[in-house]
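For clarity, every value in this text was computed on a predicted model and none was experimentally measured. Every chain is numbered from 1 and lettered A, B, ... according to where its sequence line falls, protein lines coming before strand lines.
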Protein chains: 2
Amino acid sequence: MSANPKRLDRIDIGILNQLQHNARITNAELARAVNLSTTPCFNRVRALEKLGLFKQHVTLLDPEPLGLSINVFIQVSLEKQVEDALQRFEQAISEQPEVMECYLMSGDADYLLRVVMPDMRALERFIIERLTTIPGVSNIRSSFALKQVRYKTALPLPSAGLTLVDPNGNRTEWE
Amino acid sequence: MSANPKRLDRIDIGILNQLQHNARITNAELARAVNLSTTPCFNRVRALEKLGLFKQHVTLLDPEPLGLSINVFIQVSLEKQVEDALQRFEQAISEQPEVMECYLMSGDADYLLRVVMPDMRALERFIIERLTTIPGVSNIRSSFALKQVRYKTALPLPSAGLTLVDPNGNRTEWE
DNA sequence: CATGAAACGAACAGATG
DNA sequence: CATCTGTTCGTTTCATG
C-alpha cells in the first residue's frame, strides 16, 4: 500500500529495452522504434529517468584484446559472521578493481566473487596479497571459467504492464 | 609475433575508462577529461572503435524497482560432456532471457549460471520447465544471493602502456 | 499525444600553424 | 596535436490542434 505504485505500459518497457541494448540511440530513432513522435518519447525517457530506473550508461569493452579474458570465481568464508566483519570485508573488496561482482551468499554465509585477471600470476598475487590479507578471511576456494558462454546486462522485462516496487513496501505485479 | 601489436598510451586508456563509466559523455567533455582538444580526441575514439574494443553501449537499469532483485547462481552438470551436448546446452541456455551470465567451469566440467528472478515461484518454474527440460542436464544445484555487494562492468585497465592481444596469437604486455 | 517552429549545442569535416 | 571555421544534425523547449 504505497502512495504511487507507478505502472509502466508497453511503450515504457519498449523504451527501457531499447536503451538496455543501445545507450546511445538518438531520441528520434528511439521514438521510431516505439512508434511515438519525438516529443512524447523524450518526455517518457525523462520520466523514467526521474523514477530512478537508470543506473548508468556504460560502454562495455571487449576483454579479449585487452588481455583480461580470465574469469575466476572465488568463494570466500569469514571466520565469524558478525555484522562488523562482513562490513569490513565488503568495504575492502569494493576497493579492488579486479572484483567485477561480489555477492553475499545464503547457506554457508560465504561471499562469491567474480574477478577478471590478465594471467595466473596476477591471480596468485591477488589472492595472496589482496584477499588473504583482509582481516577475518578464513577460507578461499577459486574455480576458473574455461569459457564465458553468455554475458549480458539487459534485464528480462515483461512485455507489458509492470508495476514498480515502491522503495519501502514491495508490491510487484506482472500482468 | 603478429603484424601490428597496437599499443595504447595513457590517453587512450583514459578515454576507455571515461567511456566505461559514461557512455553518453560528449566528445567535448571527454576531450577535457583526458587533456586533449576535441579533434584528436574524436579521432582516437574512432580509432579505438575500429580496433573493436567497444562491445556495446548499454543502459544499466536498477533491478530493485523493476522487481528483479533476486540473483540466483545455478550450477549445472551434464550427463556426458561430449562436445555436442555442451553445444546444445549452451544454445538452449542462451535463449533464456533470465540467464544473465553463463560460464563453462573447470574441474567438474559444470556450468555456472547467474539468473535474475522476480520471486521464488518464477525460479521454481524456470528450473523445472526450462532447465531440467534441456536434454543432457543431470544435476542442478542453486544458491541464492542474499545481497549484491558489488556489480560493475568496467574492466580494470592498467594506468598506461597496454599492448593489445592480436586475434590469433596472444602477446599481452603490461608496462 | 501529434505537429511544427525555433534555439541551442554537439558531431563531424577540413584547413592552418 | 591545437585552433578555427563551417555545415549538419540532434536535442530540447514551446505553442497549437
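- A donor-acceptor pair under 3.5 Å is absent between the side-chain atoms of A/K6 and the main chain of A/L48, judged by distance alone.
- Outside the 6.0 Å centre-distance limit, the rings of B/Y103 and B/Y111 are not counted as a close aromatic pair.
- Annotation for B/L155 and A/P63: closest pair CD1-CA, 3.8 Å, computed over non-hydrogen atoms.
- Between B/F73 and B/F144, the gap from one ring centroid to the other reaches at least 6.0 Å.
- Exactly one of B/E95, B/R88, B/Q87 qualifies for a side chain to side chain donor-acceptor pair (under 3.5 Å) with B/Q91. That residue is B/E95.
- As a whole-Å value, the separation of B/N27 CG from D/dC9 P is 18 Å.
- Donor-acceptor pairing under 3.5 Å is recorded for the side chains of B/N17 and B/Q20.
- Contact check of residues 12-25 of chain A against DNA chain D (heavy atom, cut-off under 4.0 Å) returns no residues at all.
- Checked for salt-bridge contact, B/E90 and A/R150 miss the test: no charged N lies under 4.0 Å from a carboxylate O.
- In the region residues 33-47 of chain A, proximity to DNA chain D at under 4.0 angstrom, judged on heavy atoms, holds for A/T39, A/F42, A/R46.
- A/E101 and B/Y151 form no side-chain donor-acceptor contact under 3.5 Å, judged by distance and modelled atom types alone.
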